[in-house]
**Student:** 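Could you have a look at this structure, given as structure tokens, before my questions?
Basis for what follows: all heavy atoms, side chains included, without hydrogens, waters or symmetry-related copies. Numbering starts at 1 and runs along the sequence shown. Values in this document were obtained by computation on a predicted structure and should not be read as measured data.
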Amino acid sequence: MTIAQLAQHPSAVFGPRVAAAQPLDESQVARRLESSTELATWVSCCEAAPEALLVINDSHRSTCTREVLTALATLLGRQSASPSFRVLVATGTHRISNAEQRHFESRTILDCGLRISAVVWHDARSECLAPFAGVRVHPWLVELDCWLAVGSVEPHYFAGLTGAHKTATIGCMSKADIESNHRGALHPGSDVLCLHGNPVHEGIAQVLREFSACGKHLLAINEIVAERHILELAVGDPLSTLELLLPQVRSVYVHAVPGPADLLLLHVPMPLGRSLYQADKALKNNHRAVRDGGAILLEADCPDGVGDDAFLGLLDRAPDYASACRLVEQEGYRLGDHKAVKLRHLTDPLMRGVRVAVVSANLSDELARRAGLRAFADRAEALQWLAGACSGSMQNTIVVNDAGFVVVMPAENGAPNPGPAADFNLHDQ
């Protein structure tokens, strides 16, 4: 069977198991919030505060924020006194145009029913961030005592899980402090679905504990989202809700296979498909599902091209895995280095030797080659190149839809086995 035939007749097709949980409609979301004793307690704490802080994800995330805000507004509208909110949009290091900001605000925040006094987009490069517990954060986190963070929980290849805990910390920190935290991505304990012993997650958790110790009232509304539907929702402590939702995150997003495939087809829709830097999460989630010397076809629109200059900068200077590791050890970690190092590990012929073709109308082959990949305008051309570039016979294919969130990995004894975070470990700088 040719590689083109393998692509047309895959051995398995995986995506989010939407049927694993019945999507919650608007009334069900409202009832979940109304029945939450944690939310009722938090609202009571807000009565003595002049304003509360609402922290939400930006347009690069798939969180169903509008649905939660409107349900929250309905609930608070029944109260004798509802808090006024400042809205902080957590961007991390994302750069988002004014036009995109306005569009996001109009469809997510405008007329949601809450009393909103101000909306600000976090700037990780601002000189006006406030020091707190050894990091610098948006000043509203220090100034206001009652926070409500809305996030969505998905597998994350080095933080373990995404969620409101990241929204209210990494999403609102300085670039330097995000960089310091993400250096832990090169530690073996940093892996998908792993929280305990994961230096990235534990760094985030420590910041949250410091805020709580200072008398901040923190509440999280965490969702499990697939195909723009809320499948599950938990209200409470940011970290406790992660543990609560983890079993269902596994049932929705994680798939076990008997062994790695020869060809892996990864589909990355928007918003993660906006750049190679973001779509790379699909490679990190699913690299265990392809054999050494095998092939990956990554389909992503990439309207923003590569997306991160530092990521491509290290790849330019490090044509193989050994040199990438050496440069990071010599020069210290920079944000994005973990992606570059792990990508070199995947594609280096002396390491895993996996060939990766990107199908995108917006990513040039010149830029892709600098990353050790190839870019093509259509799937047929990409498959033709992979057929000539890959070693060994090609007998089976795995297709992964929504691959920036879905995780496919070989199983041991019938259960997904994440295995080590990587086959390398860079010492802390």
Side-chain angles (χ1 to χ4, degrees), residues 16 18 21 23-26 28-30 32-33 36 39 53-73 85-94 96 100-101 103-110 112-114 116 119-122 138 147-157 159-173 204 208 218-239 241-242 244-246 248-249 252-253 268-274 278-279 281 285 402-406:
V18 179
L24 303 179
D25 61 27
E26 184 177 334
Q28 289 172 313
V29 171
R32 292 290 185 92
L33 298 185
S36 169
L39 179 57
L53 178 63
L54 178 61
V55 189
I56 63 175
N57 282 329
D58 64 23
S59 51
H60 289 200
R61 305 299 182 195
S62 60
T63 311
C64 293
T65 304
R66 175 75 179 196
E67 292 83 342
V68 168
L69 298 191
T70 54
L72 181 64
F85 290 95
R86 295 185 203 174
V87 179
L88 176 58
V89 184
T91 61
T93 59
H94 299 162
I96 299 174
E100 188 174 348
Q101 290 182 22
H103 177 68
F104 176 84
E105 290 179 23
S106 68
R107 64 183 174 83
T108 304
I109 304 170
L110 187 65
C112 68
L114 294 174
I116 295 174
V119 178
V120 166
W121 290 66
H122 175 63
H138 193 281
W147 308 356
L148 174 60
V150 181
S152 49
V153 184
E154 303 102 11
H156 193 283
Y157 72 95
L161 292 170
T162 62
H165 66 302
K166 286 183 79 252
T167 305
T169 55
I170 298 299
C172 303
M173 283 184 185
I204 295 169
L208 288 173
L218 281 63
L219 187 75
I221 298 178
N222 263 324
E223 311 165 351
I224 297 178
V225 176
E227 298 178 2
R228 293 300 304 165
H229 296 293
I230 300 176
L231 303 185
E232 188 53 88
L233 183 146
V235 182
D237 172 76
L239 300 177
T241 51
L242 286 184
L244 181 65
L245 292 175
L246 180 55
Q248 193 150 352
V249 169
V252 171
Y253 285 114
V268 188
M270 299 292 280
L272 287 184
R274 68 173 57 242
Q278 291 293 339
K281 292 178 181 178
N285 276 353
D402 211 357
F405 298 130
V406 173

**Student:** Which pair of non-hydrogen atoms, one from A90 and one from V55, has the smallest distance, and what is that distance?
**Tutor:**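 So the two residues come closest at CB-CG1, 4.1 Å.
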**Student:** Taking the side chain as C-beta and beyond, is there a heavy-atom pair between C64 and R228 under 4.5 Å?
**Tutor:**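 They are in side-chain contact.
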**Student:** Kindly compute the distance separating CD (E227) from CG (D402), expressed to the nearest 0.5 Å.
**Tutor:**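 It is 7.5 Å, given to the nearest 0.5 Å.
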**Student:** Work out which heavy atom in P16 is nearest to a heavy atom in A226; give both atom names and the distance.
**Tutor:**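 Heavy-atom minimum between the residues: CB-CB, 3.7 Å.
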**Student:** May I ask you to test the L53-L88 pair for a side-chain heavy-atom distance under 4.5 Å?
**Tutor:**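 The answer is yes, as the side chains (C-beta and beyond) meet within the 4.5 Å cut-off.
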**Student:** Indicate the atoms forming the closest heavy-atom contact of L110 with R66, along with that distance.
**Tutor:**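 Looking at all heavy atoms of both residues, the shortest contact is O-NH1, 2.5 Å.
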**Student:** If you look at every heavy atom in T63 and G151, which pair is closest and at what distance?
**Tutor:**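 Nearest heavy atoms, T63 then G151: CG2-C, 3.8 Å.
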**Student:** Measuring only between side-chain heavy atoms, which start at C-beta, is I116 closer than 4.5 Å to L54?
**Tutor:**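 A side-chain contact under 4.5 Å is absent here.
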**Student:** Tell me the closest heavy-atom pair linking S152 and N222, and the distance in Å.
**Tutor:**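 For S152 and N222, the tightest heavy-atom pair comes out as N-OD1, 4.1 Å.
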**Student:** Check whether any side-chain heavy atom of Q278 lies under 4.5 Å from a side-chain heavy atom of L272, and answer yes or no.
**Tutor:**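 Answer yes - side chains close enough.
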**Student:** Could you tell me if the side chain of V249 sits less than 4.5 Å from the side chain of I224, heavy atoms only?
**Tutor:**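 Yes, side chains in contact.
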**Student:** Without swapping roles, check the side chain of Q248 against the backbone of L245 for a donor-acceptor pair under 3.5 Å.
**Tutor:**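 Such a contact is absent between Q248 side chain and L245 backbone.
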**Student:** Checking S36 now: which residues fulfil side chain to side chain contact (heavy atoms under 4.5 Å, CB included) with it, not counting sequence neighbours?
**Tutor:**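 For S36, the residues satisfying side chain to side chain contact (heavy atoms under 4.5 Å, CB included) (neighbours in sequence not counted) are E38, L39, V235.
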**Student:** Pairs in or reaching into residues 159-173: which pass side chain to side chain donor-acceptor pair (under 3.5 Å), with residues at least two apart or in two chains?
**Tutor:**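 Qualifying pairs, neighbours excluded: N57-T167, E154-T162.
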**Student:** Knowing that exactly one of T65, L24, V68, V153 qualifies, which makes a side-chain contact (heavy atoms from CB on, under 4.5 Å) with E223?
**Tutor:**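 Of the listed options, the one satisfying the test is V68.
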**Student:** Nearest heavy-atom pair of A164 and A220: which atoms, and what distance?
**Tutor:**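 That closest heavy-atom pairing would be CB-CB, 3.7 Å.
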**Student:** Mind checking what makes salt bridge (charged side-chain N to carboxylate O under 4.0 Å, His left out) contact with E100, not counting sequence neighbours?
**Tutor:**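 Per chain and number, E100 pairs via salt bridge (charged side-chain N to carboxylate O under 4.0 Å, His left out) with R274.
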**Student:** Rounded to the nearest 0.5 Å, how far does NE2 of H103 lie from CD1 of I96?
**Tutor:**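 Between atom CD1 of I96 and atom NE2 of H103 there are 12.0 Å.
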**Student:** Where the side chain of H122 meets the backbone of M173, is there a donor-acceptor pair that is under 3.5 Å apart?
**Tutor:**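 Yes: the side chain of H122 pairs with the backbone of M173.
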**Student:** Would you mind reporting whether E26 and V29 have side-chain heavy atoms less than 4.5 Å apart?
**Tutor:**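 No - every pair of side-chain heavy atoms lies 4.5 Å or more apart.
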**Student:** Quick check: do L72 and L148 have side-chain heavy atoms less than 4.5 Å from each other?
**Tutor:**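 A side-chain contact exists here, since the closest heavy-atom pair is under 4.5 Å.
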**Student:** Is the closest side-chain heavy-atom distance between W121 and D58 below 4.5 Å?
**Tutor:**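 Result yes, sub-4.5 Å side-chain heavy-atom pair found.
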**Student:** State the CH2-CG distance between W147 and L208, to the nearest 0.5 angstrom.
**Tutor:**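 Between atom CH2 of W147 and atom CG of L208 there are 7.0 Å.
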**Student:** Under the side chain to side chain contact (heavy atoms under 4.5 Å, CB included) criterion, do F104 and I56 qualify, and how do the steps go?
**Tutor:** CA-CA 11 Å; F104 176 84; I56 63 175; 4.0 Å; yes
**Student:** If you measure from CD on E232 to OG1 on T241, what distance do you get to the nearest 0.5 Å?
**Tutor:**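 With rounding to 0.5 Å, CD (E232) is 11.5 Å from OG1 (T241).
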